[in-house]
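The structure appears right after this line, and notes come after that.
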Amino acid sequence: MKTSLLRPILLLLLISTVSGIVNAQTEQYYVVIGAFAKESNAIKFSGFSRSRFFQSTYELNTTRNLFYVYVIKTASKKEAFDQVRILQKEDSFKDSWVFNGTLGTTTEPVVVTEPEPVRVEPIISADTVVKTEPEPVALIITEETPPTEPVKPRRVVKGKLFKFNIQTPDGQAVVGNVHHVDLLRGRDLASYSSTDYSDVPKPLEQKDPMTLVCGIFGYKEITQLIDYNNPSTTEGVTQNEDSAWVVPFKLERLKKGDVSVMYDVSFYKDAVVMLPRSQEELDELVSMMSANPAYKIKVHGHTNGNNKRKIIALGKTRNYFQM
């Protein structure tokens, strides 16, 4: 009877020892915004996120052999999940997730030393005298089991998933927008960024192909006609491992007679003051004029109505981007 009670006692001691080692390790939570097989891509994406005012860095996940770009490292699980919910509201970072584990370093093997033997007093009965000592137990862990990485939430797609790749003539990737336009009515239906996957809803009218226009200032407008039901019928359109339809846009430099639409140049309502986002494209226009002094460029614009109204004009300031 005494011998049968000895093994549960040893098991309890063993569990307590292992539990103490696990609790001694500090868990780290990373708010990850991207994972890349190539370090060069991780560097580029870190720079892009810093341009959006996020203090990002990257480290290697040695288990998956991927470079994780992250913006926050914390021991607080609540802080990590609070921050990732804020990030997911940004279109460029809506696929952010929390990684719980270690990045950039390899952990040394953990060795649990042999516990002290437990002495059991002999039981004396009328028939026999039994004195039993437990065998020494040593647990050696040769490799730490990495924590289970949280499963990345599955993307909910309402329409079809598209990825728009915009490249310069020499093959360099360009960040820009692709516009879904209604040519018949002359209006912009939607705009999609090249930095992320785009959930494109099914067009209301299926008679004609979907018209996608990429207008990067300084380059010709590129138009792609896409059959929404079967995008593969358009030359160059492929489907990647994420089941997204990849649509390429190969840019060409402007030449004489070409027209380039400045999609981001606009004004405050009823004012001659431009919105701050207009400055980037206007700076590109100035750079192109400086590089090509022989160019003759005609700038055309329009208002959205003919009614009389009070127009806010500039005062003493000459800052055309500030009210």
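None of these values were measured; they are calculated from a predicted model. Positions are given from 1 along the sequence.
- The two residues Val98 and Ala80 come nearest to each other via the heavy atoms CG2-O, 3.9 Å.
- There is a path of hydrophobic side-chain contacts, each under 4.5 Å, that joins Val32 to Leu66.
- The two residues Tyr197 and Lys94 have their closest heavy-atom pair at O-NZ, 3.8 Å.
- Residue-environment remark: NZ (Lys250) exceeds the threshold of 12 foreign heavy atoms within 6.0 Å.
- Using a 4.5 Å heavy-atom cutoff, the side chains of Val213 and Val178 are not in contact.
- When atom types are taken as modelled, the side chain of Asp227 and the backbone of Pro231 share no donor-acceptor pair closer than 3.5 angstrom.
- Shortest non-hydrogen contact noted between Tyr58 and Ile43 is OH-CG1, 3.5 Å.
- The two atoms that bring Phe67 and Lys38 nearest to each other are CD1-C, 3.9 Å, heavy atoms only.
- Counting only distance, with no hydrogens or angles, the side chain of Ser96 and the backbone of Leu87 share no donor-acceptor pair below 3.5 Å.
- Between the side chains of Glu59 and Tyr70, at least one donor N or O lies within less than 3.5 Å of an accepting N or O.
- Scanning both residues, Lys158 and Asp199, for their nearest heavy atoms gives N-OD2, 2.8 Å.
- In this structure, the side chain of Glu252 does not engage the main chain of Pro169 through any donor-acceptor pair within 3.5 Å.
- There is no path of hydrophobic side-chain contacts, each under 4.5 Å, that joins Leu225 to Leu189.
- Atom CD1 of residue Ile297 and atom CG of residue Leu285 lie 5.5 Å apart, to the nearest 0.5 angstrom.
- Side chains of Ile222 and Leu251 form a contact here, defined as non-hydrogen atoms less than 4.5 Å apart.
- For the atom pair CG of Leu161 and OG of Ser243, the computed distance is 8.0 Å after rounding to the nearest 0.5 Å.
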Subject >> Derivation and outcome, side chain to side chain contact (heavy atoms under 4.5 Å, CB included), residues Ser194 and Phe249 >> reply: CA-CA 10 Å; Ser194 65; Phe249 287 89; over 6 Å; no

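- Residues Leu60 and Ile72 share a hydrophobic cluster, clusters being chains of Ile/Leu/Val/Met/Phe/Trp/Tyr side chains in contact below 4.5 Å.
- Both Phe81 and Val31 sit in one connected hydrophobic cluster of ILVMFWY residues. Membership requires side-chain heavy atoms under 4.5 Å apart, directly or through other members.
- We find the CD1-OG1 distance between Ile166 and Thr168 to be 11.0 Å, quoted to the nearest 0.5 Å.
- Annotation: cation-pi pair Lys73/Tyr29 absent, no NZ/CZ under 6.0 Å from the ring centroid and within 45° of its normal.
- Residue Lys220 places its NZ atom among more than 12 non-hydrogen atoms of other residues, nucleotides or ligands, all under 6.0 Å distant.
- Ring centroid separation for the pair Phe45 and Phe36 comes in under the 6.0 Å cut-off.
- Phe164 places none of its side-chain heavy atoms less than 4.5 Å from the side chain of Cys214.
- Note: Thr223 OG1 to Ile226 CD1 = 11.0 Å, rounded to the nearest 0.5 Å.
- Between Trp245 and Lys163, the closest side-chain pair of non-hydrogen atoms is not below 4.5 Å.
- Side-chain contact between Asn177 and Tyr192 is absent, with no heavy-atom pair separated by less than 4.5 Å.
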**OP:** Any chance you could lay out the side chain to side chain contact (heavy atoms under 4.5 Å, CB included) test for Tyr295 and Met289, step after step, and finish with the verdict?
**Re:** CA-CA 7 Å; Tyr295 275 14; Met289 293 169 64; over 6 Å; no

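- Using a 4.5 Å cut-off on side-chain heavy atoms (C-beta onward), Asn165 and Val246 make contact.
- At least one donor-acceptor pair under 3.5 Å links the side chain of Ser278 to the backbone N or O of Ser266.
- Summarising the geometry, atom OG belonging to Ser46 is positioned 6.5 Å from atom CD1 belonging to Ile33; distances are rounded to the nearest 0.5 Å.
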Original post:
Do Tyr68 and Tyr30 pass the ring-ring contact (aromatic ring centres under 6.0 Å, His included) test, and can you show the C-alpha distance, the side-chain angles, and the key distance before you say yes or no?
Top reply: CA-CA 9 Å; Tyr68 278 16; Tyr30 299 80; 8.3 Å; no

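- Here the side chains of His180 and Met210 are in contact, with some heavy-atom distance below 4.5 Å.
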Original post:
Hey, mind stepping through Gln88 and Phe93 against side chain to side chain contact (heavy atoms under 4.5 Å, CB included) and telling me if it holds?
Top reply: CA-CA 6 Å; Gln88 287 174 347; Phe93 308 114; over 6 Å; no

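- The hydrophobic clustering, which links ILVMFWY residues whose side-chain heavy atoms are closer than 4.5 Å, places Val286 and Val265 apart.
- Defined by atom type and a distance below 3.5 Å, a donor-acceptor pair is missing between the side-chain atoms of Ser76 and Thr74.
- Gln28 and Asn100 make their closest contact through O-ND2, 3.0 Å (heavy atoms, listed as atom of the first residue, atom of the second, distance).
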**OP:** Quick one: do Gln224 and Thr234 satisfy side chain to side chain contact (heavy atoms under 4.5 Å, CB included)? Show the steps, please.
**Re:** CA-CA 8 Å; Gln224 291 272 34; Thr234 301; 3.7 Å; yes

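- Separating the NZ atom in Lys298 from the NE2 atom in His300 is a distance of 9.5 Å, to the nearest 0.5 Å.
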